[in-house]
Amino acid sequence: MNRHRTALSVLLSAGALVAGVLTAATPSIAADAPASFRQQHTQGFWTAERMREATPLDVTAVPGAARTPVATSAAPTAVAPTAALSAASPTAFPQAGGAWTGGGAVVKTSGRVFFTMGSRTASCSGNSITSANGSTVMTAGHCVKYQGAWHTNWVFVPAYNNGSAPYGQWSATKTFATDQWAASEDMNMDVGLAVVAPLNGQTLSQAVGAQGVLFNGGYNKKMYSFGFPAAAPYDGTKLVYCSGNSGKDFLLTKDHGLGCNMTGGSSGGPWFQDFNEATGLGTQVSVNSFGYTFLPNRMYGPYLGNEAKAAYDKAQTS
């Protein structure tokens with residue numbers, strides 16, 4: 001077995017129900033695979049029970065560090081947040097992993113992602129970001145497509161709370177990934193997006209707000225990451241965060257790295273620089289992506305470069 005496959009653990013959702021099958025499988029992906037998918041969704045599929053029982057999967061993947069050069073010297077491109085929401089109370093920095101009790105905008109903009117993956121139900125995390133259509137969620141690439149197949153029954157549940165959806169379930173009409181993730185599941189490009197349908201006459205950003213996003217923002221930043229980890233010691237019921245000074249992966253990818261003990265299910269949750277604990281607003285610069293099995297308590301997230309910006313532009317104008 002490829003040594004990289006056993007060394008690098010993707011946090012698709014977390015739990016070992018089908019780990020053996022997925023670990024042994026080698027992705028079979030066409031080089032010209034389309035980087036978007038028109039979603040299939042069954043109304044009423046995601047009951048509270050189904051959301052609680054969505055399997056956190058523990059899978060491994062081959063990193064694509066040698067396949068796609070990551071341009072890190074391009075001019076930064078920033079998109080400001082849509083609106084500031086309620087205030088929050090300051091919390092600890094650094095933090096290796098704990099429940100977010102501060103409140104603020106991040107409580108509404110972040111949420112859990114649910115989807116079917118073949119015959120299984122699974123979960124990730126995601127975040128509402130400012131966009132032209134007001135309806136765009138950013139997550140990890142493997143949270144929209146994995147092992148060559150696009151997930152179905154894809155919904156975003158902002159402010160998820162133990163089976164309840166206080167702001168509703170937002171069904172994806174189309175999901176996107178970077179061209180490089182869609183074609184070869186390159187770990188450097190593990191970025192996915194979803195456009196969700198309006199709900200009760202509102203767009204997502206009108207209902208819960210949206211965080212700003214920055215492309216080509218550089219490395220070595222003071223960073224906060226958020227997600228809904230579902231594998232022990234977490235159970236997927238709470239918004240969890242990590243904070244600290246980030247660095248650049250010196251092993252197999254060009255990703256950001258951050259001290260963090262979040263587990264599976266946190267994949268796709270947002271990373272912020274310039275995060276304001278008093279408002280819960282920040283500038284999103286990455287997503288939770290993977291961890292090395294031999295480096296516990298450290299999370300990695302893709303660098304949002306020109307490739308991620310291209311995927312974002314396709315999504316926000318869809």
Quick one: side-chain hydrogen bond (donor to acceptor under 3.5 Å, both in side chains) partners of Trp271, sequence neighbours excluded? Asn288
Measuring from Gln273:CD to Gln284:CD, what's the distance to the nearest 0.5 Å? 11.0 Å
Show, in sequence, the C-alpha distance, side-chain angles and deciding distance for His256 and Tyr300, and conclude whether the ring pair (Phe, Tyr, Trp, His ring centres under 6.0 Å) test is met. CA-CA 5 Å; His256 301 281; Tyr300 292 87; over 10 Å; no
Testing the 3.5 Å rule here: is there a donor-acceptor pair between the side chains of His142 and Asp190? yes
Taking the side chain from Asp249 and the backbone from Thr253, do they hold a donor-acceptor pair closer than 3.5 Å? yes
Say whether, by atom type as modelled, one donor and one acceptor occur between the side chain of Thr173 and the main chain of Ala197 under 3.5 angstrom. no
Report yes or no: does Glu307 contribute a side-chain atom to a donor-acceptor pair with the main-chain N or O of Gln180 at less than 3.5 Å? no
Please confirm whether the backbone N or O of Met189 pairs with a side-chain atom of Thr178, one donor and one acceptor, at under 3.5 Å? yes
Taking every non-hydrogen atom, the tightest pair across Ser125 and Thr139: O-OG1, 2.8 Å
Worked check of ring pair (Phe, Tyr, Trp, His ring centres under 6.0 Å) between Phe226 and Phe275: CA-CA 11 Å; Phe226 289 83; Phe275 184 76; 5.3 Å; yes
Output for pair (Ser205 OG, Gln211 CD), nearest 0.5 Å, gives 12.0 Å
Could you state the interatomic distance from CG (Leu204) to NZ (Lys108), rounded to the nearest 0.5 Å? 12.0 Å
Can you tell me if Trp46 uses its side chain to pair, donor with acceptor, with the backbone of Phe115 under 3.5 Å? no
Starting at CG of Leu304, measure out to OG1 of Thr283 and round the result to the nearest 0.5 Å. 11.5 Å
Would a distance-only check, ignoring hydrogens and angles, find a side-chain to backbone donor-acceptor pair under 3.5 Å from Trp100 to Gly103? yes
What residues form a side chain to side chain contact (heavy atoms under 4.5 Å, CB included) with Leu199, not counting sequence neighbours? Trp170
Under a 3.5 Å distance rule, please check whether Ser164 uses its side chain to pair with a backbone N or O of Pro166 as donor and acceptor. no
Heavy-atom count check: over 12 atoms from other residues, nucleotides or ligands less than 6.0 Å from Tyr167 OH? no
Show every disulfide (SG to SG under 2.5 Å) that has at least one partner inside residues 166-230, sequence neighbours left out. none
I need the full list of disulfide (SG to SG under 2.5 Å) pairs touching residues 233-280, with sequence neighbours left out, sorted by first then second residue. Cys242-Cys260
Side chains of Phe228 and Lys238 in contact at under 4.5 Å (non-hydrogen atoms): no
In Å, rounded to the nearest 0.5 Å, how long is the span from CE of Met187 to CG of Asp255? 6.5 Å
Do Leu193 and Thr175 come close enough that some side-chain heavy atom pair is under 4.5 Å? no
Are a donor atom and an acceptor atom from the side chains of Asn220 and Asn245 found within less than 3.5 Å of each other? no
Take the angle between the ring planes of Tyr224 and Phe93 and call it parallel below 30°, perpendicular above 60°, tilted in between. tilted
I would like to know whether Ser131 and Asn133 meet side chain to side chain donor-acceptor pair (under 3.5 Å); could you show each step before the answer? CA-CA 5 Å; Ser131 60; Asn133 57 25; 2.8 Å; yes
Give a yes or no on whether the backbone of Ile129 and the side-chain of Thr136 come within a donor-acceptor separation of less than 3.5 Å. no
Ring of Tyr292, cation from Arg298 - is the NZ or CZ under 6.0 Å from the centre and inside 45° of the axis? no
Quick one: CH2 on Trp154 to SG on Cys124, what's the gap to the nearest 0.5 Å? 8.5 Å
List the residues meeting side-chain hydrogen bond (donor to acceptor under 3.5 Å, both in side chains) with Thr317, not counting sequence neighbours, and say none if there are none. none
Do Lys314 and Asp179 touch side chain to side chain, with heavy atoms closer than 4.5 Å? yes
Does Val240 have any side chain to side chain contact (heavy atoms under 4.5 Å, CB included) partners at least two apart in sequence or in another chain, and if so, which? Pro229, Tyr234, Met262
Check: Arg112 side chain, Phe156 main-chain N or O, donor-acceptor pair, under 3.5 Å: no
Do Asn127 and Thr109 pass the side chain to side chain donor-acceptor pair (under 3.5 Å) test, and can you show the C-alpha distance, the side-chain angles, and the key distance before you say yes or no? CA-CA 5 Å; Asn127 184 59; Thr109 65; 2.9 Å; yes
After noting the C-alpha distance and the side-chain angles of Leu295 and Leu251, does the key distance pass the side chain to side chain contact (heavy atoms under 4.5 Å, CB included) rule? CA-CA 11 Å; Leu295 288 178; Leu251 293 170; 3.7 Å; yes
Are Asp235 and Thr237 close enough, and set up right, to give a side chain to side chain donor-acceptor pair (under 3.5 Å), and what steps lead you there? CA-CA 6 Å; Asp235 59 8; Thr237 62; 2.6 Å; yes
Assess whether side chain to side chain contact (heavy atoms under 4.5 Å, CB included) is satisfied between Val287 and Met138, documenting all intermediate values. CA-CA 8 Å; Val287 297; Met138 182 173 281; 3.9 Å; yes
Find out whether Met299 and Asn261 are in side-chain contact, i.e. whether some heavy atom of one side chain is under 4.5 Å from a heavy atom of the other. no
Could you work out, with side chain to side chain contact (heavy atoms under 4.5 Å, CB included) as the rule, every residue matching Arg52, not counting sequence neighbours? Ala48, Tyr160, Asn162
In the structure I gave you, are the side-chain heavy atoms of Tyr303 and Asn216 within less than 4.5 Å of one another anywhere? yes
With no hydrogens and no angle check, is any side-chain donor or acceptor of Thr116 less than 3.5 Å from a backbone partner on Thr152? yes
Decide side chain to side chain contact (heavy atoms under 4.5 Å, CB included) for Phe272 and Val213; before the verdict, give the C-alpha distance in whole Å, the side-chain angles of both, and the deciding distance to 0.1 Å. CA-CA 8 Å; Phe272 300 111; Val213 59; over 6 Å; no
Applying disulfide (SG to SG under 2.5 Å) as the test, list every pair that has at least one member in residues 265-318; sequence neighbours left out. none
Per the disulfide (SG to SG under 2.5 Å) rule, what does the pair list look like for residues 275-313, sequence neighbours excluded? none
Using the side chain to side chain contact (heavy atoms under 4.5 Å, CB included) criterion, which residues pair with Lys174? Sequence neighbours excluded. Ser36, Arg38, Phe176, Ser318
Gln316 meets the side-chain hydrogen bond (donor to acceptor under 3.5 Å, both in side chains) criterion, sequence neighbours left out, with Tyr312, Asp313
Restricting to side-chain hydrogen bond (donor to acceptor under 3.5 Å, both in side chains), what partner residues turn up for Gln43, sequence neighbours left out? His41
